[in-house]
Amino acid sequence: MGRSRKKRRRAGKSRTLPVTRLRKVIAFLLACLLIVVLLLLGLKLQEKVDSARLRQQELEAAIVNEQERTESILSLREYMDSDEYIRQAAKDRLGLVESGEVVLKPSE
């Protein structure tokens, strides 16, 4: 009986050794697969980050353009509120003449 138990134990050990090795190989392969998946996800995320940075730069440029446009409009508004603009508009649109000015008309 003593020998049969030893044989069983040895036989059991020899069977568990490949199973343990197989588990280690499977665990290693799963770890490698996980690393590959994480790398791919990281690449996709990096593409999104790059796209967002490009969009941010475009928006910042648009903001600068709009600020310049706003300044231009405000200066035009300020000019249009001035007496100089009113006089010039009256001359151009209505043909009004200030005192002391001479009007020359082209002959037909």
Side-chain angles (χ1 to χ4, degrees):
M1 279 193 160
R3 288 185 183 175
S4 62
R5 285 186 186 177
K6 286 183 182 180
K7 286 183 181 178
R8 285 184 195 164
R9 286 183 188 169
R10 286 184 186 168
K13 286 183 182 180
S14 64
R15 287 183 187 170
T16 58
L17 184 62
V19 172
T20 303
R21 186 174 283 176
L22 179 64
R23 286 181 183 167
K24 288 180 181 180
V25 169
I26 291 173
F28 176 76
L29 291 175
L30 286 175
C32 290
L33 180 65
L34 180 63
I35 289 171
V36 168
V37 168
L38 290 175
L39 285 173
L40 291 175
L41 290 174
L43 288 175
K44 285 184 180 180
L45 187 59
Q46 186 62 43
E47 288 176 5
K48 287 183 180 181
V49 167
D50 292 341
S51 175
R53 284 189 181 141
L54 180 62
R55 179 73 175 138
Q56 181 182 5
Q57 290 173 350
E58 291 171 353
L59 290 174
E60 287 173 353
I63 287 171
V64 169
N65 288 338
E66 289 301 316
Q67 287 173 340
E68 290 172 357
R69 184 171 165 251
T70 300
E71 289 174 14
S72 174
I73 291 171
L74 290 175
S75 66
L76 178 63
R77 181 179 176 189
E78 186 178 318
Y79 169 69
M80 292 177 87
D81 287 339
S82 71
D83 291 337
E84 180 184 341
Y85 173 77
I86 294 170
R87 271 184 279 196
Q88 190 63 41
K91 286 181 184 180
D92 294 343
R93 295 182 186 168
L94 303 174
L96 296 177
V97 180
E98 290 187 34
S99 62
E101 288 186 333
V102 178
V103 178
L104 301 174
K105 290 186 179 183
S107 61
E108 292 183 23

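As the structure is a prediction and not an experimental result, all values here were calculated from the model.
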With sequence neighbours left out, the residues meeting side-chain hydrogen bond (donor to acceptor under 3.5 Å, both in side chains) with Glu98 are none
Here the salt bridge (charged side-chain N to carboxylate O under 4.0 Å, His left out) pairs for residues 23-46, sequence neighbours left out, are none
Output for pair (Asp50 CG, Lys48 NZ), nearest 0.5 Å, gives 12.5 Å
Leu54 meets the side chain to side chain contact (heavy atoms under 4.5 Å, CB included) criterion, sequence neighbours left out, with Gln57, Glu58
Note: with side-chain heavy atoms under 4.5 Å as the link, the other cluster members for Tyr79 come out as Leu76, Met80, Tyr85
Begin with the C-alpha distance, continue with both residues' side-chain angles, and end with the deciding distance and a verdict on side chain to side chain contact (heavy atoms under 4.5 Å, CB included) for Val37 and Leu41.
CA-CA 6 Å; Val37 168; Leu41 290 174; 4.0 Å; yes
Cluster membership besides Val49, Ile/Leu/Val/Met/Phe/Trp/Tyr side chains within less than 4.5 angstrom, sorted by chain and number, is none
side-chain hydrogen bond (donor to acceptor under 3.5 Å, both in side chains) filter on Glu101, not counting sequence neighbours, yields Lys91
Val25 meets the side chain to side chain contact (heavy atoms under 4.5 Å, CB included) criterion, sequence neighbours left out, with Leu29
For Leu94, the hydrophobic cluster (side chain heavy atoms closer than 4.5 Å, chained through members) also holds Leu96
The complete set of salt bridge (charged side-chain N to carboxylate O under 4.0 Å, His left out) pairs with one or both residues in residues 69-80, sequence neighbours excluded, reads Glu66-Arg69
Joining Ile, Leu, Val, Met, Phe, Trp and Tyr whenever any side-chain heavy atoms lie under 4.5 Å apart, the cluster holding Ile35 also takes in Leu39
In short, Ser72 meets Ser75 closest at the heavy-atom pair O-OG, 2.9 Å
By side-chain hydrogen bond (donor to acceptor under 3.5 Å, both in side chains), Asp81 pairs with (sequence neighbours left out) none
Contacts of Asn65 meeting side-chain hydrogen bond (donor to acceptor under 3.5 Å, both in side chains) (sequence neighbours excluded), chain-then-number -> none
